[in-house]
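A short worksheet on the structure shown next.
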Amino acid sequence: SDVTMEAVELNRSGGTPFGEGIWVDNGLNDQNMTIKNCNIGARRTGINITGGRGYTLLGNDLTGCGMAAAEPALYIEDLSAATGLSVSGNTFAGPNFNYGLRLDDLTGVIIGDNTVPGVHIELLPLGGIREAVQRSIHLENCQQVEIELVQLSLTGGPTGTGVYINGGSN
């Protein structure tokens with residue numbers, strides 16, 4: 001079931017984020033979901049994808065999303081990168097950007113910049129992931145995750161955790 005969401009405006013006006021921008025809850029055999037060039041602002045969670053396979057998340061603006069550890073700007077759960085995962089060109093920033101990327105129960109994921117061969121989740125220095133106030137990257141019960149050439153250094157500004165890992169194995 002091929003689904004594409006492109007250039008969808010999901011910005012919420014007002015100073016306090018509410019709700020989720022996009023939430024995809026797929027079964028094991030659901031596949032080929034593309035979310036690209038969407039503006040998702042001032043949401044507690046920007047994009048949440050669960051299960052399925054064949055995901056492409058490209059060029060989405062998640063400004064002002066990521067309120068809590070269980071409500072990050074980008075939340076990916078219960079899938080294997082081998083079944084198709086491509087995340088790149090997404091931006092993180094703004095007020096209320098406390099938690100960036102959270103991965104739960106993922107297997108075989110490579111996180112890096114655009115020079116890392118075979119990267120599944122591309123995080124560029126100008127994409128803003130390092131600006132998260134509390135946690136930039138959160139791994140929960142993940143297996144075989146590689147993080148390479150991701151810039152999380154800051155001078156001043158947020159004082160939270162760059163990479164938080166709970167459970168799982170290399």
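Throughout, residue positions are numbered sequentially from 1 according to the sequence presented.
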Query raised in the report: Same cluster or not: are Phe97 and Val163 linked, directly or through other Ile, Leu, Val, Met, Phe, Trp or Tyr residues, by side-chain heavy atoms under 4.5 angstrom apart?
Result: yes
Query raised in the report: Distance-only, no hydrogens or angles: does the Asn37 side chain make a donor-acceptor pair with backbone N or O of Glu6 under 3.5 Å?
Result: no
Report task. Working to the nearest 0.5 Å, report the span between CG of Leu123 and CG of Leu101. Result -> 6.0 Å
Report task. Would you check if Ile165 and Val145 make a side-chain contact, meaning some heavy-atom pair closer than 4.5 Å? Result -> no
Query raised in the report: What is the distance from atom CD1 of Ile76 to atom CG of Leu85, rounded to the nearest 0.5 Å?
Result: 5.0 Å
Report task. State whether the side chain of Asn60 and the backbone N or O of Asn90 hold a donor-acceptor pair below 3.5 Å, judged by distance alone. Result -> no
Query raised in the report: When hydrophobic residues are tied together by side-chain contacts of less than 4.5 Å, even through go-betweens, does Val3 share a cluster with Ile40?
Result: yes
Query raised in the report: Do Glu77 and Thr50 have a side chain donor and acceptor closer than 3.5 Å?
Result: yes
Report task. Working to the nearest 0.5 Å, report the span between OG1 of Thr63 and CD of Glu131. Result -> 11.5 Å
Query raised in the report: Taking side chain as C-beta onward, heavy atoms only, is Glu20 less than 4.5 Å from Arg43?
Result: no
Query raised in the report: Are Val119 and Asp113 close enough that some pair of their side-chain heavy atoms sits under 4.5 Å apart?
Result: no
Report task. Please round to the nearest 0.5 Å and tell me the distance separating atom CG of Asn114 and atom CG of Leu149. Result -> 10.0 Å
Query raised in the report: So, does Arg135 use its side chain to make a donor-acceptor pair with the main chain of Tyr164 at under 3.5 Å?
Result: no
Query - Close side-chain approach of Asn26 to Leu79, heavy-atom, < 4.5 Å - result: no
Query raised in the report: Do Val24 and Met33 come within less than 4.5 Å of each other through their side chains, counting heavy atoms only?
Result: yes
